[in-house]
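Have a look at the structure below, then the notes.
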Amino acid sequence: MDDRSAQLRQRAEHLRALAATIEALPVMRLEQFAHDDTWFGPRPLLCRSTLLVNQHQLHGAADDLRAHAHRFEQHAAELDAVARIGVAG
C-alpha cells in the first residue's frame, strides 16, 4: 500500500464518519415531534412537508458521501494492485 492509497482510504473513512454524523443529527428525528399543532402560522402541512423534504435531502447527501467513499476505496485498491504488479514485474 502506498501513500496515495492510504490517503484515499483515510478520506473514505472520513466521508463515512461524516455521513454517519449527518444521519445522527437531532434534526433527523424532528418529524416525530412535528404534528399539526407544533407549528405557528397558517401552514402546518407546508412546514412539515418542508421538514421531510430537507431530511430526505440530508439522507441523500449522506448516501452521496458513502458513494464517494466507496469510489475512493476502489481507487485505492486499484493503486495497490498496480503497485503489486510493479513489484512482482
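This one's a predicted model, so the numbers in the text were calculated from it and none came from an experiment.
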Measure the spacing between [atom1] of [X] and [atom2] of [Y] and express it to the nearest 0.5 Å.
X: Leu52; Y: Leu30; atom1: CG; atom2: CG; answer: 10.0 Å
X: Glu31; Y: Phe33; atom1: CD; atom2: CZ; answer: 9.0 Å
X: Ser5; Y: His75; atom1: OG; atom2: NE2; answer: 9.0 Å
X: Phe72; Y: Glu13; atom1: CZ; atom2: CD; answer: 13.5 Å
X: Gln55; Y: Leu25; atom1: CD; atom2: CG; answer: 10.5 Å

- prompt: How far apart are the C-alpha atoms of Val53 and Arg48, what are their side-chain angles, what is the distance that settles it, and do they pass the side chain to side chain contact (heavy atoms under 4.5 Å, CB included) test?
  reply: CA-CA 9 Å; Val53 166; Arg48 183 163 167 55; over 6 Å; no
message: Before you tell me yes or no, could you show the steps for Cys47 and Leu51 under side chain to side chain contact (heavy atoms under 4.5 Å, CB included), namely the whole-Å CA-CA distance, both residues' side-chain angles and the distance that decides it to 0.1 Å?
response: CA-CA 6 Å; Cys47 292; Leu51 171 64; over 6 Å; no
Pairing of Arg84 and Asp2 as salt bridge, 4.0 angstrom limit: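 No, Arg84 and Asp2 are not salt-bridged.
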query: If you count the non-hydrogen atoms of other residues, nucleotides and ligands that lie under 6.0 Å from CD in Gln10, is the total more than 12?
result: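 No, CD of Gln10 has 12 or fewer neighbouring heavy atoms, counting only those of other groups under 6.0 Å.
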- prompt: Is the count of non-hydrogen atoms from other residues, nucleotides or ligands lying under 6.0 Å from Gln74 atom CD greater than 12?
  reply: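 Counting neighbours around CD of Gln74, more than 12 heavy atoms of other residues, nucleotides or ligands fall under 6.0 Å, so yes.
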- request: For His59 and Met28, run side chain to side chain contact (heavy atoms under 4.5 Å, CB included): C-alpha distance rounded to whole Å, both residues' side-chain angles, the deciding distance at 0.1 Å, then the answer.
  value: CA-CA 9 Å; His59 280 296; Met28 301 306 278; 3.1 Å; yes
field: Heavy-atom closest contact (Ala19 atom, Ala62 atom, distance)
entry: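 Nearest heavy atoms, Ala19 then Ala62: CB-O, 3.5 Å.
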query: Shortest non-hydrogen contact from Leu15 to Ala69?
result: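 Where Leu15 meets Ala69 most closely, the heavy atoms are CD1-N, 3.9 Å.
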- prompt: Under the salt bridge (charged side-chain N to carboxylate O under 4.0 Å, His left out) rule, what pairs show up with a residue in residues 15-25, not counting sequence neighbours?
  reply: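 For residues 15-25, and leaving out neighbouring residues, the salt bridge (charged side-chain N to carboxylate O under 4.0 Å, His left out) pairs sorted by first residue read Arg16-Glu73, Glu23-Arg66.
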Pair Asp80-Arg9, salt bridge (charged side-chain N to carboxylate O under 4.0 Å, His left out): steps then yes or no: CA-CA 11 Å; Asp80 289 343; Arg9 285 188 175 86; 2.9 Å; yes
query: Judged by atom type as modelled, is there a donor-acceptor pair below 3.5 Å linking the side chain of Arg71 to the main-chain atoms of Ala12?
result: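 Not confirmed, Arg71 side chain does not pair with Ala12 backbone.
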- request: I would like to know whether Leu65 and Ile22 meet side chain to side chain contact (heavy atoms under 4.5 Å, CB included); could you show each step before the answer?
  value: CA-CA 10 Å; Leu65 289 169; Ile22 288 170; 3.8 Å; yes
